[in-house]
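Have a look at the structure below, then the notes.
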Amino acid sequence: APYNTMIPSSPGGIGTYNLEDGYLDGILRGYQLGLLTRADYGNLSQCDSLEDLKLHLQSTVYGADFLGNEPSPLHTTTIAEHATLKMVDQFQYLRCNAV
């Protein structure tokens with residue numbers, strides 16, 4: 001049999017994986033690379049104030065605009081709310097693209 005014949009692949013098989021699922025896989029891998037590291041957690045645990053914590057989070061994948069418009073004094077509930085909203089936004093993006 002000639003080697004150049006197309007072998008039909010099963011749904012979800014390796015032959016169609018990148019075609020159908022590669023984009024979301026790439027997005028998920030990007031999210032995974034964006035998780036805070038041990039070093040990040042170590043630095044966060046050494047912050048003296050919530051403003052220091054905010055500055056450190058802004059230097060990570062959370063980005064410079066994370067908590068940027070929040071007035072002082074900053075509250076722990078505000079940080080938790082913004083982090084949760086970021087996670088929810090990422091999940092909804094994945095869900096909308098997982099047709």
Side-chain angles (χ1 to χ4, degrees):
Y3 290 106
N4 62 355
T5 59
M6 294 293 293
I7 299 171
S9 60
S10 61
I14 194 72
T16 61
Y17 178 75
N18 280 338
L19 178 66
E20 297 174 4
D21 303 312
Y23 175 71
L24 287 180
D25 184 56
I27 295 296
L28 279 173
R29 288 174 189 264
Y31 287 165
Q32 181 182 8
L33 289 175
L35 293 175
L36 297 178
T37 64
R38 276 182 200 239
D40 290 324
Y41 281 109
N43 291 336
L44 290 172
S45 68
Q46 294 177 4
C47 291
D48 293 328
S49 69
L50 293 178
E51 290 299 323
D52 291 344
L53 185 93
K54 171 184 164 180
L55 289 174
H56 181 71
L57 286 174
Q58 288 177 337
S59 70
T60 65
V61 296
Y62 281 94
D65 61 339
F66 185 71
L67 299 170
N69 296 327
E70 289 300 318
S72 293
L74 195 59
H75 298 283
T76 55
T77 54
T78 305
I79 296 171
E81 181 180 317
H82 281 267
T84 301
L85 286 174
K86 182 172 177 64
M87 183 180 64
V88 168
D89 287 344
Q90 290 175 341
F91 176 78
Q92 288 177 343
Y93 182 79
L94 288 172
R95 192 169 91 183
C96 288
N97 284 285
V99 196

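If you read the sequence from its start, that first residue is 1, and numbering goes on from there. Remember, it's a predicted structure, so these values are computed and weren't measured experimentally.
Rounding to the nearest 0.5 Å places CG of Leu55 at 11.5 Å from OG1 of Thr60. The SG atom of Cys96 sits 9.5 Å away from atom CG of Leu94, with the distance rounded to the nearest 0.5 Å. Residue Met87 holds its CE atom at 12.0 Å from OH of Tyr31, rounded to the nearest 0.5 Å. Rounding to the nearest 0.5 angstrom, the gap separating the OH atom in Tyr41 from the CG atom in Leu35 is 7.5 Å. Atom CZ of Arg95 sits about 13.5 Å away from atom CG of Leu24, to the nearest 0.5 Å. For the atom pair His75 NE2 and Glu81 CD, the distance stands at 12.0 Å (nearest 0.5 Å).
For Asp40 (side chain) and Thr37 (main-chain N/O), a donor-acceptor pair under 3.5 Å exists by modelled atom type.
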Tell me, with the steps shown, if Leu50 and Thr78 meet side-chain contact (heavy atoms from CB on, under 4.5 Å). CA-CA 10 Å; Leu50 293 178; Thr78 305; over 6 Å; no
Please assess Leu74 against Leu53 for the test side-chain contact (heavy atoms from CB on, under 4.5 Å), listing each intermediate value before the final yes or no. CA-CA 10 Å; Leu74 195 59; Leu53 185 93; over 6 Å; no
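Nearest approach of Gln58 to Leu67, heavy atoms of both residues: NE2-C, 4.1 Å. Closest approach of Asp52 to Asp48, counting heavy atoms only: OD2-N, 3.4 Å. Nearest heavy-atom pair, Lys54 versus Phe66, reported as atom, atom and distance to 0.1 Å: CG-O, 4.4 Å.
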